[in-house]
Amino acid sequence: MNTRQRARARANNEKMADFIELWIIGVPEQVAALVHLAMRSGRLVYASPPTTVGNGDPRMRRYLRLRNH
């Protein structure tokens with residue numbers, strides 16, 4: 001790995017340290033409440049569309065990316 005590649009990798013790692021990525025799983029009302037709280041706090045960067053867990057399970061899941069600060 002040359003110097004330019006190392007610098008680029010370091011910069012990307014520092015950018016990703018600014019975010020928290022997580023999956024939330026729960027009943028639709030709880031997931032909606034969590035997404036709403038993240039939006040109101042100003043930390044929500046991205047929320048995936050809701051998807052069902054499957055196999056007759058009423059829960060849903062969403063991927064969230066939140067600002068760390």
Side-chain angles (χ1 to χ4, degrees):
M1 184 182 284
N2 62 31
T3 305
R4 180 176 289 172
Q5 290 170 328
R6 269 184 261 145
R8 186 176 299 143
R10 190 176 320 120
N12 285 340
N13 286 338
E14 289 172 2
K15 287 179 189 174
M16 287 311 295
D18 292 339
F19 301 103
I20 298 169
E21 298 177 335
L22 57 105
W23 284 93
I24 55 173
I25 299 173
V27 295
E29 297 82 20
Q30 291 174 338
V31 172
L34 286 171
V35 171
H36 182 71
L37 280 171
M39 244 187 315
R40 288 195 57 194
S41 71
R43 292 185 177 230
L44 184 65
V45 176
Y46 173 78
S48 70
T51 58
T52 59
V53 174
N55 295 332
D57 193 345
R59 297 178 302 162
M60 62 186 289
R61 65 182 173 176
R62 288 186 87 169
Y63 166 80
L64 301 180
R65 179 180 285 172
L66 306 171
R67 284 188 187 87
N68 199 14
H69 302 284

Completion exercise
Pro28 and Pro58 have their tightest heavy-atom pair at CD-O, 3.8 Å
Exercise for the section: Find out if a path of hydrophobic residues (ILVMFWY) with successive side-chain heavy-atom gaps under 4.5 Å connects Ile25 to Leu22. Expected result: no
Problem - Asp57 side chain to Arg59 backbone, donor-acceptor under 3.5 Å - result: yes
Problem - Ile20 with Leu64, same ILVMFWY side-chain cluster at under 4.5 Å - result: yes
Practice task
Flag yes if Val27 and Val35 sit in one hydrophobic cluster, no otherwise; membership is Ile, Leu, Val, Met, Phe, Trp, Tyr, and two members link when side-chain heavy atoms are under 4.5 Å apart.
Solution key: no
Exercise for the section: Determine the minimum heavy-atom distance between Arg62 and Pro50, stating which atoms define it. Expected result: CG-CA, 3.7 Å
Problem - Leu66 side chain reached by Val45 side chain, heavy atoms, under 4.5 Å - result: no
Practice task
Could you grab the distance from atom CE of Met60 to atom CD of Gln30, nearest 0.5 Å is fine?
Solution key: 11.0 Å
Exercise for the section: Kindly confirm or rule out a cation-pi arrangement of Arg65 over Tyr46, judged by NZ or CZ under 6.0 Å from the six-membered ring centre and within 45° of its axis? Expected result: no
